Amino acid sequence: MLDLQPSDRRHGAPSSSGGGSGGDELIRTYKAWKGNNVFFLGGRLVFGPDARSILITIFLITAPVIVFCIFVGRKFIDDFPHHRGVSILAVAVGLILLDLIFLLLTSARDPGIIPRNLYPPEPEGNEGNGEPRLAHTPQSRLPRTKDMVVNGITVKIKYCDTCMLYRPPRASHCSICNNCVEKFDHHCPWLGQCIGLRNYRFYFMFVLCSTLLCIYVHVFCWIYVKRIMDSENINIWKSFIKTPASIALIIYTFICVWFVGGLTCFHLYLMSTNQSTYENFRYRYDRHENPFNKGILGNFMEVFCTNVAVSQNSFRAKVSKEPAIPPRTVNGGMSSPSLQKVSHDIEMGRKPVWHETVEEELGDMEKDMEAGVTSRDLSRMLPPDESEGRGIMHSRESSRGRGIMHSRESSRGRRGGSWELSSRVNEDLRTRDESVSRVGEDSSESSDNDASRDLHVEISDAVTSRGRTGTGIGRL
């Protein structure tokens, strides 16, 4: 049997040393959880990352029922003898309470999350090493899929890079919750939770109760409209005017019943064939036999008449807090921050994006170049008496150096080969150097810097104009 989940490597397993080894800080598992789940009541309630959508769902369920009880159901109390009118309200309230209970049982529990491994599994042939690798060690030798026999049929199981494990059959990784879920069906946006092995039956009961509630309200709104027509001897349109709440509820429930009723019929079909929504949409069993099919009766018995699987996670257990990943050294030096960020992204389950790493590396190189250029300009840091004498040398060197650099950059990428230096440009350069030397002797430090900057601009313009006319400065 393939070892899919090594119990000694699970993240969130209770610490075997009790108080922790070496004085490690102990925290609750839900505080160190690497998925996107939201926890309440100290980890007792487990929601998905979009748990706020539950409030919208609750409003869409309770608001129509409240309107029905106030404007329609209350009128039936006196119309039916032997308190049968009260029973109409009682059934509506009972259905909505069941609906809300199944909603919470579906969205506030562990759907069957598979615990992550602390370390990647050992490659085949290296089981005897006994040396645990770091969690961010790349696994180039691990096969992406493995074969597993289920009821005499071979199925493939896939390796999850985020959870560092081979997923069991019928399991899949939810990109929204960032967890691998057993018997993954789908992620429901209305409940903000994954639907899996441990909450599928409650999800189906929630959808079924919503369908029954829509049908119930829809039918009794028509009954109330019919009683108005008979009692006042008017047509249907005038009766609608007398009960606008009934019109709104009839339209609302008619629209909703197509959604929840269609879901009910679809999941009845899935249960009868022992499929999940994920498997059905991927056409997994169209050309292959379903190894999990037990017949119609057996499939329904598996969903409703078996015990709910025990959660593999103890969210309230205390575990050692994982230390931060230290900066790695490369040939005795510290690695760049982008490498540390990539390691952190892999640890948190996020795949690094290539362009992000490249942009960070280019940003670091630009900062280094700016620091190097600034450090070469030392004349601004000297006292006034020393900078006055060195301003001439700095202006000459900067003008000549920058002119050569600019000429080199302007000549890159051209197909004309190496060009000869024209005599006119040489005369311009010599004239500018002599003028700068005279200005440097008579001017202050600030004027020297301004002249050098103006010289740089003029030389750049001259070289650019020469390059456009076909003569210029070649590579030196």
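Since the structure is predicted, the reported quantities are computational estimates derived from the model, not experimental observations.
- With Phe315 as reference, Phe39 is the one residue of Phe47, Phe39, Tyr30 to meet the ring pair (Phe, Tyr, Trp, His ring centres under 6.0 Å) rule.
- Between Trp222 and Ile250 the shortest side-chain heavy-atom distance falls below 4.5 Å.
- No donor-acceptor pair closer than 3.5 Å links the side chain of Asn37 to the backbone N or O of Val46.
- Counting only distance, with no hydrogens or angles, the side chain of Asn299 and the backbone of Gly295 share a donor-acceptor pair below 3.5 Å.
- A donor-acceptor pair under 3.5 Å links the side-chain atoms of Tyr216 to the main chain of Ile88, judged by distance alone.
- The aromatic rings of His267 and His186 sit tilted relative to each other, their planes meeting at an angle between 30° and 60°.
- Donor-acceptor pairing under 3.5 Å is lacking for the side chains of Thr106 and Asn199.
- One N or O on the side chain of Arg198 and one on the backbone of Ala309 form a donor-acceptor pair closer than 3.5 Å.
- Checking side-chain atoms of Asn179 against main-chain N and O of Cys177 turns up a donor-acceptor pair under 3.5 Å.
- Phe304 is linked by a ring-ring contact (aromatic ring centres under 6.0 Å, His included) to Phe204, counting only residues two or more places apart in sequence or in another chain.
- Judged by distance alone, the side chain of Asn151 and the main-chain N or O of Phe292 form no donor-acceptor pair under 3.5 Å.
- Within the 4.5 Å cutoff, the side chain of Phe300 has heavy atoms near those of the Ser272 side chain.
- By the 6.0 Å contact criterion, OH on Tyr269 is open, its count of non-hydrogen atoms from other residues, nucleotides or ligands being 12 or less.
- Taking 4.5 Å as the limit, some side-chain heavy atom of Val260 sits within range of a side-chain heavy atom of Cys214.
- Side-chain N or O atoms of Thr57 include none that pairs as donor or acceptor with a backbone N or O of Leu191 at under 3.5 Å.
- Ring-plane geometry between Phe206 and Tyr203 is classed as tilted, the angle between the planes lying from 30 to 60 degrees on a 0 to 90 degree scale.
- The backbone N or O of Thr154 sits nowhere less than 3.5 Å from a side-chain atom of Asp147 that would complete a donor-acceptor pair.
- Arg44 is linked by a salt bridge (Lys or Arg N to Asp or Glu O under 4.0 Å) to nothing, counting only residues two or more places apart in sequence or in another chain.
- Legend: residues meeting salt bridge (Lys or Arg N to Asp or Glu O under 4.0 Å) with Lys226, ordered by chain and number and at least two apart, are Asp230.
- With a 6.0 Å radius and a threshold of 12 heavy atoms from other residues, nucleotides or ligands, Ile296 has its CD1 atom at or below the threshold.
- No donor-acceptor contact under 3.5 angstrom links the side chains of Lys183 and Tyr200, judged on distance only.
- Between the Arg201 side chain and the Val303 main chain, a donor and an acceptor come within less than 3.5 Å of each other.
- A donor-acceptor distance shorter than 3.5 angstrom exists from the side chain of Asn290 to the backbone of Thr273, with no hydrogens or angles considered.
- Between Leu60 and Tyr252, some side-chain heavy-atom pair lies under the 4.5 Å cut-off.
- For the pair Asn178 and Lys34, the minimum side-chain heavy-atom distance is 4.5 Å or more.
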